[in-house]
Amino acid sequence: MTTGFSIDVDIRLPGQGGRSAVVADDDPGQRDALVRHLADRGFAVSTVSGGFEALSLIGAEGPAVALLRRHRLEDEGDRAAALACMLYPHTRIILTAGAPDAQLDAEPGNSPVTVLARPVDLALLDRCLDGL
């Protein structure tokens, strides 16, 4: 038996009114640290606790960047990131993952998303944001 899911999303281009970001993380401490850092860098930040919740928010707000939490390979965060890459090519998708994670050691450029170890090194995050 095959199971599936459907989502209703509003797909918009990134907003013209400044830089925005979405942070999807169920760890309040890590989420708050990311929000503070992004806000300090001039981003308007929206938050949700899960990856699939983030999809609708990304579609509605058209952020420049979205950070999604991955608990383990091929979980909700991983699947939401894959969908976000397809639906919202104008949004930079970054996964945050606890080590050990095989993709953290992967060669850069082999994945459509960037994977950062948790807790997120804010200097590494800054390097990801510099190109936006």
Side-chain angles (χ1 to χ4, degrees):
M1 179 165 89
T2 318
T3 60
F5 69 96
S6 82
I7 54 173
D8 292 320
V9 293
D10 182 16
I11 300 175
R12 297 183 190 177
L13 292 176
Q16 304 299 322
R19 298 191 317 171
S20 63
V22 169
V23 175
D25 200 313
D26 59 354
D27 176 346
Q30 179 70 86
R31 184 177 58 234
D32 292 346
L34 293 170
V35 168
R36 278 191 309 274
H37 186 74
L38 290 165
D40 288 346
R41 295 241 358 201
F43 287 86
V45 184
S46 298
T47 63
V48 292
S49 62
F52 289 134
E53 291 173 284
L55 288 175
S56 292
L57 199 54
I58 295 167
E61 296 182 2
V65 64
L67 288 89
L68 310 175
R69 180 175 185 177
R70 173 200 286 162
H71 289 278
R72 60 190 176 284
L73 288 174
E74 299 181 15
D75 72 355
E76 175 184 319
D78 222 24
R79 290 188 294 271
L83 285 169
C85 286
M86 289 186 296
L87 295 171
Y88 313 114
H90 300 290
T91 298
R92 172 86 184 266
I93 306 299
I94 299 173
L95 281 171
T96 63
D101 187 318
Q103 283 195 325
L104 291 175
D105 299 324
E107 289 295 318
N110 288 344
S111 174
V113 298
T114 301
V115 182
L116 298 177
R118 294 172 62 87
V120 173
D121 178 336
L122 299 177
L124 287 175
L125 176 58
D126 283 344
R127 288 198 307 221
C128 294
L129 300 175
D130 285 342
L132 299 178

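Shortest non-hydrogen contact noted between T91 and G62 is OG1-C, 4.4 Å. When all heavy atoms of A21 and F43 are compared, the pair lying nearest together is CB-CD2, 4.0 Å. Of all heavy-atom pairs between C128 and R92, the closest is O-NH1, 2.9 Å. The two residues P63 and S20 have their closest heavy-atom pair at CA-OG, 3.1 Å. Heavy-atom minimum distance, Y88 versus L55: OH-O, 3.0 Å. Between S49 and E53, the shortest heavy-atom distance links the atoms OG-OE1, 3.0 Å.
Taking the side-chain contact (heavy atoms from CB on, under 4.5 Å) definition, one finds that D27 meets it with D25, Q30, R69, R118, sequence neighbours left out. Residues passing the side chain to side chain donor-acceptor pair (under 3.5 Å) test with T47, sequence neighbours excluded: none. Residues passing the side chain to side chain donor-acceptor pair (under 3.5 Å) test with R31: none are found, sequence neighbours excluded. Applying the side-chain contact (heavy atoms from CB on, under 4.5 Å) criterion to A24, with sequence neighbours excluded, gives V48, A54, L68. For R36, the side-chain contact (heavy atoms from CB on, under 4.5 Å) partners two or more places apart in sequence, or in a different chain, are D32, A33. Under the side-chain contact (heavy atoms from CB on, under 4.5 Å) criterion, C85 pairs with I93, P112, V113, not counting sequence neighbours.
A salt bridge (Lys or Arg N to Asp or Glu O under 4.0 Å) check over residues 40-51, counting only residues at least two apart or in different chains, returns the pairs R41-D126, R41-D130.
Between L38 and R19, the closest side-chain pair of non-hydrogen atoms is not below 4.5 Å. Residues V45 and V22 are not in side-chain contact: their nearest non-hydrogen atoms beyond the backbone lie 4.5 Å or more apart. Using a 4.5 Å heavy-atom cutoff, the side chains of D78 and L95 are in contact. L125 has its side chain out of reach of D121: every pair of non-hydrogen atoms, C-beta onward, lies at least 4.5 Å apart.
Within the 3.5 Å criterion, the main-chain N or O of A81 finds no donor-acceptor partner in the side chain of R70.
Atoms OG1 and CG, on T96 and L67 in that order, are 6.5 Å from each other to the nearest 0.5 Å.
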